[in-house]
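See below for the structure under consideration.
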Amino acid sequence: MQKVPWLLAVLVVLVPFLAACVSYPDADLAREGARLLEQGNLEQSLVLFDRAIAINGENVEAWEGRGKALHRMGRENEAFESLNRSLALDPSSAPRWVALGDVLLAMDQNYDAARAYDRAIALDINMTTAWNGIGIAYSRMGKYPEARRFFLVALRTNESYAPAAKNLGDTLVALQLWGEALRAYDQALAMDPALASAAVARGDLLSRFGRNGEALSSYDQALGIDPDSTSVLSKKAQVLAALGRTEEALSTIDRILVLEPGNATYWVHKSFLLNNLGRFNESLDASGTAISLEPNNAVAWNNRGFSYNSLGMFGDAVSAYSQAIAIDPGNPAAYTNRGFALLNLGKGEDALGDLDRATTLQPDLATAWSYRALADYRLGRFTEALDDANRATRLNPKDSLAWSTGGMALLQKGEFQKAIPYFDKALTLNPNASDIWLNKGIALYMAKNNEEALSALDRVLELDPESMTAWQYKVYALRALGRGEEAVWITDRQLKTDSWNTTLLLRKATALVILNRMGEAQLALSRILEKDPSNYEALVARGKIQIASGDYLGAIRTFDVLQKTMPDADESLIFLGVAYYRSGQYEKALAVYDKLLKKDPANSLTWSNRGYALVKTGRIQDAIKSFDRALELDPKNMDAQYGKFEAIRIMWPSYVPDGI
């Protein structure tokens with residue numbers, strides 16, 4: 001067929017034109033991959049970059065895009081290889097060097113990352129992300145002054161680049177320039193209110209300095225951006241707890257547990273908050289869940305021990321704390337808490353062992369010293385108790401227990417006036433503690449400050465109207481002021497409107513006994529026992545009156561009844577021993593005293609009473625040993641001093657002191 005010349009001419013013209021307009025397939029794939037990468041479709045973008053590279057192994061944009069996609073997927077080694085390949089093909093791109101620096105940062109290769117960012121800066125001195133990246137690298141290497149300068153340069157290149165302001169804040173925190181750091185975080189959030197990391201960092205800084213209300217606002221801002229961030233929700237719970245908003249903190253933790261029900265740490269936190277709310281059985285459930293998820297979680301076992309201890313289940317508490325110690329033998333808190341549980345079990349020496357271990361591990365742990373003071377006190381080591389209490393209060397001036405224990409030790413040492421400021425300090429911290437008010441009242445009475453004693457004892461009776469000890473000392477103080485009859489008048493006036501009130505009748509009987517009007521006291525007690533034949537307080541009071549009246553057999557019958565119904569009641573045991581002794585039943589008295597000493601081996605009075613009973617049975621050497629123990633515990637025990645003197649006189653001249 002004959003060719004048409006003009007058509008040939010057109011084709012000759014069009015071929016060069018079409019060649020100039022052809023789009024190669026690998027370039028199209030790379031561009032589409034970049035678009036998908038920008039949209040966050042990482043897997044699909046990676047497929048397209050790989051296809052582009054399969055077509056053209058020297059497609060720089062495809063290698064670069066592949067590296068960025070892999071970096072965002074956390075596949076850093078592969079990302080590094082891809083970006084290295086792209087830079088080998090074309091090392092003239094500053095953003096590509098920044099991308100490599102980002103990957104190296106993720107691989108924790110901070111020095112190499114800094115070199116990559118430096119290459120980017122050499123290519124483009126105004127590359128903000130490069131200055132920001134090199135700042136991060138230097139900060140991670142601990143070179144905070146240099147990092148600070150780099151972040152400031154980044155902000156000069158771009159005054160609205162919020163990440164650099166946030167990173168500057170982090171570096172200023174590391175330099176302990178707290179005010180500047182806070183301003184940097186504020187600057188970052190002004191630039192970009194949606195930068196959650198800046199809001200979190202601001203909250204962390206504020207909470208560090210106890211500005212928990214402001215910290216809470218920052219965490220709420222972060223949660224407005226990412227409401228399901230469990231780490232931020234956890235921080236929010238902590239500041240809510242610090243603000244005393246424990247219920248809200250618990251609700252926040254519950255919200256976290258909806259998102260992460262299998263996270264033991266948050267179950268532990270829930271257990272802790274429930275303990276603080278006094279919901280100990282629920283706390284046991286929460287710590288149980290934590291332990292089922294993570295059996296070796298020492299904090300969960302510690303929380304569990306606290307729950308048991310608070311429920312009075314001291315044996316279970318010791319077992320839980322022992323588990324915590326087995327998991328973490330270097331945990332001073334677990335030793336401290338187990339020591340307290342052992343103390344509640346009456347195992348004072350074992351408690352001291354744990355508390356010594358705690359203070360060895362952490363010498364500045366105030367709570368351990370405070371519990372140690374209490375252990376020493378219960379063991380009758382009043383000088384040591386005072387020393388430990390003083391150490392605890394130096395470490396933590398807000399430790400009410402330590403101040404109170406120090407006061408009790410001084411009270412036992414007979415230093416009544418010195419004890420009063422200790423109780424005052426404790427009451428400043430815990431103004432509604434009736435036991436501390438009672439001890440203050442007793443100290444004031446013993447110091448002959450009777451008017452002030454009355455005020456303190458009246459405060460006890462406001463807080464605890466059933467406290468017969470407070471009433472008893474009130475009557476003593478009134479009697480010392482020559483106003484003893486007032487106690488009877490007070491109760492008589494109150495009984496006119498409530499004639500069968502047990503507390504009022506007991507108060508009246510107590511006042512009458514102190515005023516030595518025993519017959520009237522018996523009548524008041526009879527009214528109580530007519531209504532309630534097993535009333536413990538009335539029976540004890542009757543037994544005391546029987547002893548005072550010389551009716552020892554009657555007292556024994558009374559206290560025997562009490563022992564059958566309340567075998568662990570120490571007060572009735574003490575007076576039962578007295579009744580046995582005074583009725584000449586010395587062996588039975590000894591059995592009672594031995595029973596008491598098993599429960600409270602640091603009771604000086606019981607040791608001296610035991611000594612007197614031993615003298616009566618002719619066991620003089622044993623008696624002297626009992627008196628010596630009583631005097632070890634309380635050198636001012638006059639009964640023990642006199643008893644020992646009499647025992648030595650009986651043995652004289654055959655007495656030989658121990659150690660000679």
Side-chain angles (χ1 to χ4, degrees), residues 10-138 140-141 150 153-154 157-158 161 163-164 167:
V10 169
L11 287 173
V12 170
V13 172
L14 285 177
V15 167
F17 176 77
L18 290 172
C21 295
V22 167
S23 177
Y24 295 102
D26 60 297
D28 291 339
L29 290 167
R31 276 193 295 274
E32 181 61 15
R35 187 183 67 79
L36 292 172
L37 179 62
E38 190 174 343
Q39 293 176 354
N41 192 339
L42 306 181
E43 294 286 354
Q44 192 58 40
S45 70
L46 186 60
V47 169
L48 294 180
F49 291 134
D50 283 341
R51 285 174 60 190
I53 291 166
I55 295 169
N56 179 6
E58 296 188 355
N59 187 314
V60 176
E61 288 75 17
W63 282 110
E64 179 183 359
R66 185 177 192 273
K68 290 178 177 178
L70 288 164
H71 170 55
R72 288 172 62 179
M73 294 166 73
R75 294 161 60 179
E76 307 301 349
N77 288 323
E78 296 170 81
F80 174 76
E81 292 172 3
S82 293
L83 288 165
N84 250 351
R85 183 67 181 274
S86 71
L87 286 162
L89 292 167
D90 180 7
S92 65
S93 166
R96 212 167 289 143
W97 283 106
V98 169
L100 180 64
D102 293 345
V103 170
L104 288 164
L105 277 183
M107 297 172 72
D108 205 26
Q109 296 183 26
N110 301 307
Y111 176 76
D112 289 337
R115 292 179 62 193
Y117 292 127
D118 202 35
R119 290 289 299 270
I121 292 165
L123 292 166
D124 183 355
I125 199 168
N126 291 316
M127 172 78 48
T128 303
T129 53
W131 287 109
N132 183 61
I134 199 170
I136 294 171
Y138 271 76
R140 290 188 182 180
M141 290 188 285
F150 291 138
V153 173
T157 64
N158 184 348
Y161 190 64
N167 292 331

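Nearest heavy-atom pair, Ile121 versus Ala130, reported as atom, atom and distance to 0.1 Å: CG1-CB, 3.6 Å. The heavy-atom pair separating Gly65 from Leu37 by the smallest distance is O-CD2, 4.0 Å. Looking at every heavy atom in both residues, Gln44 comes nearest to Asn41 through CB-OD1, 3.2 Å. Of all heavy-atom pairs spanning Tyr138 and Ala114, the tightest one is CE1-CB, 3.9 Å. Residues Met107 and Phe80 share a closest heavy-atom pair of SD-CB, 4.1 Å. Across all non-hydrogen atoms, the minimal contact from Ile134 to Tyr117 is N-CD1, 3.4 Å.
The distance from atom OG of Ser45 to atom CG of Leu70, rounded to the nearest 0.5 Å, is 8.5 Å. Here the CG-CD distance, from Leu83 to Glu76, works out to 10.0 Å after rounding to the nearest 0.5 Å. Taken from CG in Leu100 to NE2 in His71, the straight-line distance is 10.5 Å, to the nearest 0.5 Å. If you take CG on Asp90 and CH2 on Trp63, they are separated by 15.0 Å, rounding to the nearest 0.5 Å. Atom CG of residue Leu48 and atom CG of residue Asp28 lie 11.0 Å apart, to the nearest 0.5 angstrom. Taken to the nearest 0.5 Å, the CH2 atom of Trp97 stands 14.5 Å off from the OG1 atom of Thr129.
Residues Arg96 and Val60 meet the side-chain proximity criterion, which asks for heavy atoms closer than 4.5 Å. Looking at heavy atoms from C-beta onward, Arg66 lies in side-chain contact with Asp50 at the 4.5 angstrom threshold. Side-chain contact between Leu105 and Arg140 is present, with heavy atoms from C-beta onward closer than 4.5 Å. Between Trp131 and Ile125, the closest side-chain pair of non-hydrogen atoms falls below 4.5 Å. In this structure, the side chains of Glu61 and Arg31 stay at 4.5 Å or more apart for every pair of heavy atoms. Side-chain contact between Glu78 and Leu46 is absent, with no heavy atoms from C-beta onward closer than 4.5 Å.
A donor-acceptor pair under 3.5 Å links the side-chain atoms of Thr157 to the main chain of Ala154, judged by distance alone.
Checked for salt-bridge contact, Arg35 and Glu32 meet the test: a charged N lies under 4.0 Å from a carboxylate O. Between Asp118 and Arg115 there is no salt bridge, since no side-chain nitrogen of the basic residue lies less than 4.0 Å from a carboxylate oxygen of the acidic one. Electrostatic pairing of Lys68 and Glu64 counts as a salt bridge here, judged by a charged N lying under 4.0 Å from a carboxylate O.
If you run side chain to side chain contact (heavy atoms under 4.5 Å, CB included) between Asn158 and each of Asn126, Thr128, Asn132, only Thr128 comes through.
When only modelled atom types and interatomic distance are considered, Asp108 and Asn110 share a side-chain donor-acceptor pair under 3.5 Å.
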